[in-house]
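Hydrogens, waters and symmetry mates are skipped; everything else that's a heavy atom, side chains included, is used.
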Amino acid sequence: MNKYLPIMLDVGGRRVMVIGGGTVAERKAIPLLEAGAELVIISPSLSGTLSAMAGDGRLEWISRPYAPGDLQGAVLVYAASDDRAVNEAVAGEARLLGLPVNVASHAEAGTFITPGVLRRGRLTVAVSTSGAGPSAAAEITQRIAGLLGEEYEPYLDFLHELRTVIKRLEPAAEVRARLLQRLGQLEVLDEMRQGTFIPWTPEKIESWVACNREA
Ligand SMILES: C[C@@]1(CC(=O)O)c2cc3[nH]c(cc4nc(cc5[nH]c(cc(n2)[C@H]1CCC(=O)O)[C@@](C)(CC(=O)O)[C@@H]5CCC(=O)O)C(CC(=O)O)=C4CCC(=O)O)c(CCC(=O)O)c3CC(=O)O
Ligand SMILES: NC(=O)C1=CN([C@@H]2O[C@H](COP(=O)(O)OP(=O)(O)OC[C@H]3O[C@@H](n4cnc5c(N)ncnc54)[C@H](O)[C@@H]3O)[C@@H](O)[C@H]2O)C=CC1
């Protein structure tokens, strides 16, 4: 049943190939660009949005149908053409090269699927139904969006800042673990939600660390 492993992949500066340039390709391409991928699209045609992005140099467009050998140098592949046989051939080449491949027309021909995604700054929530209901995945994602407000963005920036300071200041693993655990118990998130949070100065951060070092 649990066929798919959820992971967070760093594609920054890595070459990702999308075969096809329509509505689905566009929906896969935009998060790839946001994640910093070096995006190459192979397709005889492009949607208006993708075409504008190619024009701005945000992605590379190779204007022709897919041909075997096109996947060389990629770390990730999306077969998003509207031709099942083409998507099948792309998946076959990816398999030979040992590359993860997403197949839009029939997911079972590929090795990974795309979840519904909600972002709040550093927070990412990904929702998958393992392919059972893509629309349901989108709907559940929207429901979760209603539960997780914009305050999570500054909250996670705050946690990141304090965690970085703690990791820098505290060589002892035991003290670090105690501080990081106490960090999670602060009421900062509620304060941010209510708009009463006052940003911590570097002095306040250091004094909080000093006061919370001991058991
Ligand atoms: C397996 C998977 C593989 C993959 O694409 O990675 C897949 C496959 C297929 N989707 C199909 C159809 C639709 N997909 C959507 C929407 C989304 N599809 C997404 C993911 C996934 N879709 C992966 C599973 C995710 C999971 O469940 O865990 C989302 C979540 C993320 C994204 O695409 O970025 C995004 C919502 C984004 C958002 O708004 O939040 C809509 C609704 C719409 O377009 O408005 C429809 C029409 C309604 C319907 O059919 O349900 C078809 C049939 C094609 C046909 O009939 O020809 C297949 C093929 C098949 O089932 O094999
Ligand atoms: N996974 C998903 O979330 C969804 C998947 N689908 C499926 O995804 C496929 C694509 O759907 P859309 O993007 O809506 O279609 P579309 O018609 O908007 O785009 C198809 C694209 O494929 C390109 N193409 C055709 N032959 C090609 C080839 N030989 N090489 C490279 N590119 C080629 C076309 O030029 C076009 O840009 C369909 O098979 C559809 O059933 C549809 C909805 C959602």
Side-chain angles (χ1 to χ4, degrees), residues 3-66 70-71 74-95 99-148 150 153:
K3 180 182 167 197
Y4 295 103
L5 171 76
I7 59 170
M8 303 285 282
L9 200 60
D10 182 0
V11 291
R14 307 283 180 132
R15 191 176 173 88
V16 178
M17 309 292 301
V18 174
I19 310 302
T23 315
V24 173
E26 180 181 313
R27 202 167 64 217
K28 310 296 186 197
I30 289 168
L32 283 165
L33 289 174
E34 285 168 359
E38 187 196 300
L39 182 58
V40 181
I41 298 189
I42 299 181
S43 175
S45 74
L46 281 191
S47 74
T49 304
L50 289 176
S51 183
M53 288 173 158
D56 290 344
R58 294 184 60 197
L59 58 87
E60 182 187 343
W61 176 30
I62 301 177
S63 167
R64 58 162 173 77
Y66 160 80
D70 277 344
L71 306 184
V75 297
L76 201 60
V77 178
Y78 290 77
S81 87
D82 56 356
D83 184 328
R84 268 179 89 95
V86 169
N87 291 346
E88 199 82 51
V90 172
E93 184 183 345
R95 246 191 319 272
L99 295 174
V101 60
N102 176 266
V103 178
S105 48
H106 51 306
E108 63 280 7
T111 57
F112 75 94
I113 60 175
T114 320
V117 174
L118 159 71
R119 289 198 192 264
R120 295 280 184 263
R122 294 173 197 271
L123 174 66
T124 302
V125 178
V127 176
S128 175
T129 66
S130 306
S135 298
E139 201 263 318
I140 295 164
T141 307
Q142 282 314 306
R143 235 189 279 176
I144 296 172
L147 298 175
L148 302 177
E150 302 295 336
E153 179 161 358

For residues 36-53, tabulate all N or O donor-acceptor pairs below 3.5 Å that involve a side-chain atom, not counting sequence neighbours.
from	atom 1	to	atom 2	distance (Å)
Glu38	OE2	Arg15	NH1	3.4
Ser43	OG	Gly21	N	3.1
Ser43	OG	Ser45	N	3.3
Ser43	OG	Ser45	O	2.6
Ser47	OG	Glu26	OE1	2.6
Ser47	OG	Leu50	N	3.2

Discussion item. Restricting to non-hydrogen atoms, name the atom on Ala91 and the atom on Val103 that form the minimum distance, rounded to 0.1 Å.
Written reply: CB-CG2, 3.9 Å
Discussion item. For a quick test of reading the model, state the closest non-hydrogen atom pair linking Met17 to Ala74 and the distance between them.
Written reply: CG-CB, 3.4 Å
Worksheet entry | Within residues 134-143 or reaching into it, pairs that qualify as salt bridge (Lys or Arg N to Asp or Glu O under 4.0 Å) - sequence neighbours excluded | Glu139-Arg143
Worksheet item: What residues, two or more places apart in sequence or in another chain, satisfy side chain to side chain donor-acceptor pair (under 3.5 Å) together with Gln142?
Response: none
Worksheet item: What is the distance from atom OG1 of Thr114 to atom NZ of Lys28, rounded to the nearest 0.5 Å?
Response: 3.0 Å
Worksheet item: Are any side-chain N or O atoms of Asp56 and backbone N or O atoms of Arg58, one a donor and one an acceptor, separated by less than 3.5 Å?
Response: no
Worksheet item: Of all heavy-atom pairs between Ala109 and Glu88, which one has the smallest distance, and what is that distance?
Response: CB-OE2, 4.0 Å
Discussion item. Quick test of your reading: applying side-chain hydrogen bond (donor to acceptor under 3.5 Å, both in side chains), list the pairs with at least one residue in residues 116-125, sequence neighbours left out, ordered by first then second residue.
Written reply: Arg119-Thr124, Arg122-Asp157
Worksheet entry | Spacing of CZ belonging to Arg27 relative to OH belonging to Tyr78, to within rounding of 0.5 Å | 12.0 Å
Worksheet item: Less than 4.5 Å apart, any side-chain heavy atom of Ile113 and any of Ser128?
Response: yes
Discussion item. So which atom in Ala80 and which in Asn87 form the shortest heavy-atom distance, rounded to 0.1 Å?
Written reply: N-OD1, 3.8 Å
Worksheet entry | Heavy-atom closest pair, residues Asp70 and Glu93 | N-OE2, 3.6 Å
Worksheet item: Can you find a heavy atom in the side chain of Pro100 that is under 4.5 Å from one in the side chain of Leu76?
Response: yes
Response to the item:
Sorted by chain and number, sequence neighbours left out, side-chain contact (heavy atoms from CB on, under 4.5 Å) with Leu148 holds for Leu118, Leu123, Val125, Ile144, Tyr152
Worksheet item: Where do Ala89 and Tyr66 come nearest, in terms of heavy atoms and distance?
Response: O-OH, 3.8 Å
Practice prompt. Using the test side-chain contact (heavy atoms from CB on, under 4.5 Å), find all partners of Thr129 that sit at least two apart in sequence or belong to another chain.
Written response: Ala132, Ala136, Ala137
